[in-house]
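Here's the structure we're looking at; comments come further down.
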Amino acid sequence: MPSKVDSEASAAERVDPGISRGDVDGFQLGGRIWGSRLIVGTGGFRSLEAMERALVASGAEIVTVALRRVDPLARGSALEVIDGLGLFALPNTAGCYTARDAVRTAQLAREAFETDWIKLEVIGDDRTLFPDAVELLDAAQQLIDEGFTVLPYTNDDPILARRLQDAGCAAVMPLGSPIGSGMGIRNPYNIQIIVESASVPVVLDAGIGTPSDAALAMELGCNGVLLSSSVARAKDPERMARAMRQAVEAGYAARRAGRIPRKLHAEGSTPDQGLPDLG
Amino acid sequence: MTIELNGRTVELSPGATVADAVIEAGADRDSRGVAVAVDGQVIRRVDWGKTKLRSDQSVEVVRAVQGG
Amino acid sequence: MTIELNGRTVELSPGATVADAVIEAGADGDSRGVAVAVDGQVIRRVDWGKTKLRSDQSVEVVRAVQGG
Amino acid sequence: MPSKVDSEASAAERVDPGISRGDVDGFQLGGRIWGSRLIVGTGGFRSLEAMERALVASGAEIVTVALRRVDPLARGSALEVIDGLGLFALPNTAGCYTARDAVRTAQLAREAFETDWIKLEVIGDDRTLFPDAVELLDAAQQLIDEGFTVLPYTNDDPILARRLQDAGCAAVMPLGSPIGSGMGIRNPYNIQIAGESAPGLVAAPTIEDARE
């Protein structure tokens with residue numbers, strides 16, 4: 001598993017375990033090679049300790065965080081844990097409903113985290129938390145112009161994914177189903193189409209409920225998976241984090257191993273010839 | 001002078017800077033993960049000490065929290 | 001005498017036993033994974049040498065192969 | 001990863017990695033505790049070498065094999081590979097369409113593999129290779145009476161699963177979809193119900209086709 005990322009180096013040119021291990025299987029994202037294809041969100045954990053144990057068990061190197069007003073009473077912070085583990089904190093613009101808010105939040109994040117990477121989220125409504133395509137594209141354009149490395153949380157519309165890619169996003173991160181719904185991948189066909197036409201990495205973000213969802217995402221050809229609720233709110237977050245890690249690795253390996261085709265009828269694996277005639 | 005700090009009306013001494021507002025908000029200056037916007041404009045960390053605040057400005061001081 | 005061995009008619013010397021049939025079928029006597037049935041009745045390995053064959057009996061000698 | 005099963009012990013009381021590791025998560029099957037929950041079939045590989053590499057990579061301890069007429073020209077055998085790896089060879093009755101054939105084949109298997117474990121398969125037709133419920137239950141009953149540890153390949157009908165359990169099967173092995181079809185689990189709801197009606201006994205369908 002990827003060695004701990006060297007925490008002294010500034011966020012910008014952190015030594016990538018992928019590169020350091022010369023990992024031909026490395027996960028290419030944002031012009032760097034990472035050792036783990038699982039990106040974990042820090043939202044929803046019952047405690048920082050539970051979050052820390054789960055992050056370690058997940059093997060994730062990229063961990064998402066948000067920005068909120070300072071709470072003077074808060075004890076400890078997600079960022080301290082992430083820095084302590086030598087992981088890469090990827091800020092998001094969760095909670096933004098307009099391009100303007102998202103751009104501002106990204107600028108704040110650049111100050112707060114000293115990185116120009118941003119998980120861009122621009123939401124359309126608070127029941128589905130689906131992305132607002134128009135605002136998302138607008139925000140992406142502006143942030144790319146300002147030199148951000150933009151990783152947009154998008155829906156599973158292949159056309160929007162292509163527009164985001166053409167605008168210069170570093171990846172496209174289509175949802176499988178609503179954030180925190182645990183419904184897995186509702187439309188695997190669209191995800192496949194996005195994967196087919198993508199010239200940037202595709203990371204399935206949102207809706208993963210259980211490891212088989214994560215494995216399916218990788219088997220469909222996604223380059224990585226981003227999940228949070230399915231681990232944070234599991235009965236045993238640490239054990240679920242480990243399961244997700246194995247699922248992403250298994251799915252990726254399966255994709256490269258080349259599965260057998262699906263058929264309606266059977267094809268026995270035991271030879272028929274040489275069957276004894278037992279009277 | 002009075003400003004709006006994270007949604008609360010707060011009294012600051014005249015000549016107070018963004019850096020003072022950060023401390024007032026409960027974050028220490030050099031803690032990682034802190035960022036500030038004044039009237040919607042992001043103030044670069046390096047400018048916190050040099051940027052004087054004016055009455056009725058709205059200051060938002062944010063910090064990293066767990067997020068999906 | 002002639003018997004049917006794995007579907008083929010085969011000539012064996014009179015008094016031939018199941019063990020002989022196993023060798024004739026190409027499986028050396030004690031190799032693991034081998035089993036025999038005579039006229040549909042399974043012959044226990046320990047009885048191979050003691051079980052004499054009779055003309056026109058059908059002998060099936062099987063061995064482990066890859067299988068799902 | 002489960003340590004290699006101790007190959008010296010006879011098949012009967014092979015040291016179970018599960019027990020030796022005191023693995024609370026051990027896979028309980030046939031009254032023994034196994035370290036791996038993945039059972040792999042040996043059918044369909046292009047070569048014995050490919051099969052061996054895959055078996056090692058799978059971490060499986062239980063590996064299924066079949067019985068066929070001796071082919072004197074055959075070079076090497078699946079069983080040599082399985083023994084060499086110290087794994088447990090589980091014979092099957094693949095290719096049997098009647099209870100009578102399946103019982104006979106199981107008896108042959110007991111001789112050939114020196115084990116009373118059998119993966120019982122009684123097939124209904126050669127296009128779907130679905131189990132024949134009536135013949136399967138009949139064969140299971142007979143073999144259980146003869147002291148076999150019966151692991152039946154069955155369909156995903158929860159009622160049949162319960163009957164097999166009540167007859168004394170050591171597990172029920174419902175299919176997800178036709179053998180070799182690669183169609184995954186077509187009816188997850190029945191699998192859940194089968195699990196409820198035969199708790200702790202449902203072994204996931206074996207991975208039949210490790211064809212590369």
Side-chain angles (χ1 to χ4, degrees), chain C, chain D residues 11 39-48 50-51 55 63-74 76-83 89-95 100-101 103-115 119 121 129 146 153 179-180 205-211:
Chain C
M1 64 168 159
T2 56
I3 63 165
E4 199 198 282
L5 178 60
N6 282 356
R8 287 178 297 102
T9 308
V10 160
E11 193 57 36
L12 286 185
S13 58
T17 66
V18 166
D20 302 321
V22 168
I23 294 161
E24 179 61 28
D28 41 53
D30 62 351
S31 78
R32 199 165 122 64
V34 175
V36 182
V38 176
D39 292 339
Q41 293 300 322
V42 175
I43 308 301
R44 308 206 65 130
R45 180 183 295 267
V46 74
D47 301 330
W48 287 357
K50 297 178 271 182
T51 309
K52 288 206 179 321
L53 293 169
R54 294 190 311 281
S55 262
D56 303 322
Q57 285 191 306
S58 161
V59 181
E60 291 288 347
V61 181
V62 292
R63 181 154 56 180
V65 296
Q66 293 173 231
Chain D
I39 300 172
V40 175
T42 55
F45 285 97
R46 277 189 284 275
S47 70
L48 286 177
M51 180 189 84
L55 290 184
V63 178
T64 64
V65 283
L67 273 177
R68 287 295 172 269
R69 280 172 171 169
V70 169
D71 168 4
L73 309 179
S77 91
L79 197 55
E80 280 157 17
V81 171
I82 293 167
D83 286 348
L90 172 62
N92 67 28
T93 64
R100 193 179 166 293
D101 277 351
V103 169
R104 283 284 157 67
T105 301
Q107 291 165 344
L108 276 172
R110 175 148 57 178
E111 291 309 307
F113 300 96
E114 298 161 285
T115 174
K119 178 190 170 188
E121 305 182 37
L129 296 181
E146 290 189 28
Y153 153 68
I179 293 172
T206 59
I207 297 196
E208 296 288 334
D209 271 77
R211 190 189 308 277

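A, B, ... follow the sequence lines: proteins, then strands. Residue 1 opens every chain. On a predicted model such as this, the values are computed, not experimentally measured, just so you know.
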For a quick test of your reading: what N or O donor-acceptor pairs under 3.5 Å do the side chains of residues 37-44 of chain C make, sequence neighbours left out?
unit_1	atom_1	unit_2	atom_2	d
C/Asp39	OD1	C/Ser58	N	2.6
C/Arg44	NE	D/Glu111	OE2	3.4
C/Arg44	NH2	D/Glu111	OE2	3.4

Requested in this report: Taking heavy atoms only and a threshold strictly under 4.5 Å, list by residue number the residues of residues 3-13 of chain C that touch chain D; give 'none' if the list is empty.
Outcome: C/Asn6, C/Gly7

Report task. List in chain and number order the residues that pass salt bridge (charged side-chain N to carboxylate O under 4.0 Å, His left out) with D/Arg104, two or more places apart in sequence or in another chain; answer none if no residue qualifies. Result -> none

Query raised in the report: Between D/Gly44 and C/Gln66, which heavy-atom pair has the shortest distance, and what is it?
Result: N-NE2, 4.2 Å

Query raised in the report: Which pair of non-hydrogen atoms, one from D/Ala78 and one from C/Val65, has the smallest distance, and what is that distance?
Result: CB-C, 4.2 Å

Report task. For residues 48-60 of chain C, pull every pair meeting salt bridge (Lys or Arg N to Asp or Glu O under 4.0 Å), keeping only residues two or more places apart or in separate chains. Result -> C/Asp47-C/Lys50, C/Glu60-D/Arg69

Query raised in the report: About how many Å separate CG of D/Asp71 and CZ of C/Arg63, when rounded to the nearest 0.5 Å?
Result: 8.0 Å

Query raised in the report: So which heavy atom on C/Ala35 is nearest to which on D/Leu108, and how close?
Result: CB-O, 3.1 Å

Query raised in the report: Out of D/Leu67, D/Asp101, D/Val70, which one racks up the most heavy-atom pairs below 4.5 Å with chain C?
Result: D/Val70

